[in-house]
Amino acid sequence: MIWQVLASIPQGKVTAYGQIAKLCGYPGYARYVGHTLKQLPHGTSLPWHRVINAKGQISFPVGSDAYQMQRRRLEQEGVVFEGEKIRLKHYQWNGISSDSAPDN
DNA sequence: GTTGTGACTACCA
DNA sequence: ATGGTAGCCACAA
């Protein structure tokens, strides 16, 4: 299920772990989603990089290898970053939770 | 079976 | 807006 929802995320858009879990019919399974993405093979065609946390940021330590890789992939798809945060206002796929209070 | 940890969230200070 | 705490669920020790 998670893979299916993951694959349905449009290019150039992002969503949150909790949102995916909810869409899969498992609200509250945000951590499970993260656990699943962690298990994805490196060569997977699934857009795991389009999954971020509810804060609108990448869930990896800033500067870490994984962080930079995910960020680069997102930017390649046209996603714009504001510092470490993503412009959810324009790039969130299906409303991400609540926090992040976008402005502009 | 209890305890600790993790690519998470929400609420409160 | 930022930082700390509690809830959340699955998995490993």
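Naming: A, B, ... by sequence-line order, numbering from 1 per chain. Being a predicted model, the structure only gives us computed values, none of them experimental.
To the nearest angstrom, P of dC8(C) lies 19 Å from CD of Q19(A). Regarding F60(A), its CZ atom lies at a distance of 11 Å from the C1' atom of dG6(B), rounded to whole Å. In this structure, CZ of R31(A) is placed 12 Å from C1' of dA6(C), rounded to the nearest angstrom. One can place NZ of K22(A) at 12 Å from C1' of dA10(B), the figure rounded to the nearest angstrom. The interatomic distance linking I52(A) (CD1) with dT9(B) (C1') rounds to 14 Å, in whole Å. The distance between atom NZ of K38(A) and atom P of dC9(C), rounded to the nearest whole Å, is 18 Å. A straight line from NZ of K55(A) to C1' of dG4(C) spans 12 Å, rounded to a whole angstrom.
Annotation for V62(A) and E84(A): closest pair CG1-OE1, 3.7 Å, computed over non-hydrogen atoms.
I2(A) is listed as a side-chain neighbour of Y32(A), based on a closest heavy-atom distance under 4.5 Å. At least one side-chain heavy atom of F81(A) sits under 4.5 Å from a side-chain heavy atom of E75(A). A 4.5 Å side-chain heavy-atom check between M69(A) and F60(A) finds every atom pair outside the cut-off. Residues V80(A) and Y91(A) meet the side-chain proximity criterion, which asks for heavy atoms closer than 4.5 Å.
Positionally, the nearest nucleotide of DNA chain C for K85(A) lies more toward the 5' end than for the other of K85(A) and P27(A).
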Taking only nitrogen or oxygen atoms into account, show me every contact under 3.5 Å that the protein makes with nucleotides 10-13 of chain C, one pair per line with its distance.
| unit_1 | atom_1 | unit_2 | atom_2 | d |
| --- | --- | --- | --- | --- |
| dA10(C) | OP1 | Y29(A) | OH | 2.7 |

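Of the listed nucleotides (dG6(B), dT9(B), dA7(B)), dT9(B) has the atom at the smallest distance from the side chain of N53(A).
Nucleotides dG4(B) and dT5(C) are separated by 16 Å at their P atoms, to the nearest Å. Comparing the C1' positions of dG6(B) and dC8(C) gives a spacing of 12 Å, expressed to the nearest Å.
Judged by distance alone, the side chain of Y17(A) and the main-chain N or O of S59(A) form no donor-acceptor pair under 3.5 Å. Proximity of a side-chain donor or acceptor of Q57(A) to a complementary backbone N or O of N53(A) within less than 3.5 Å is not detected.
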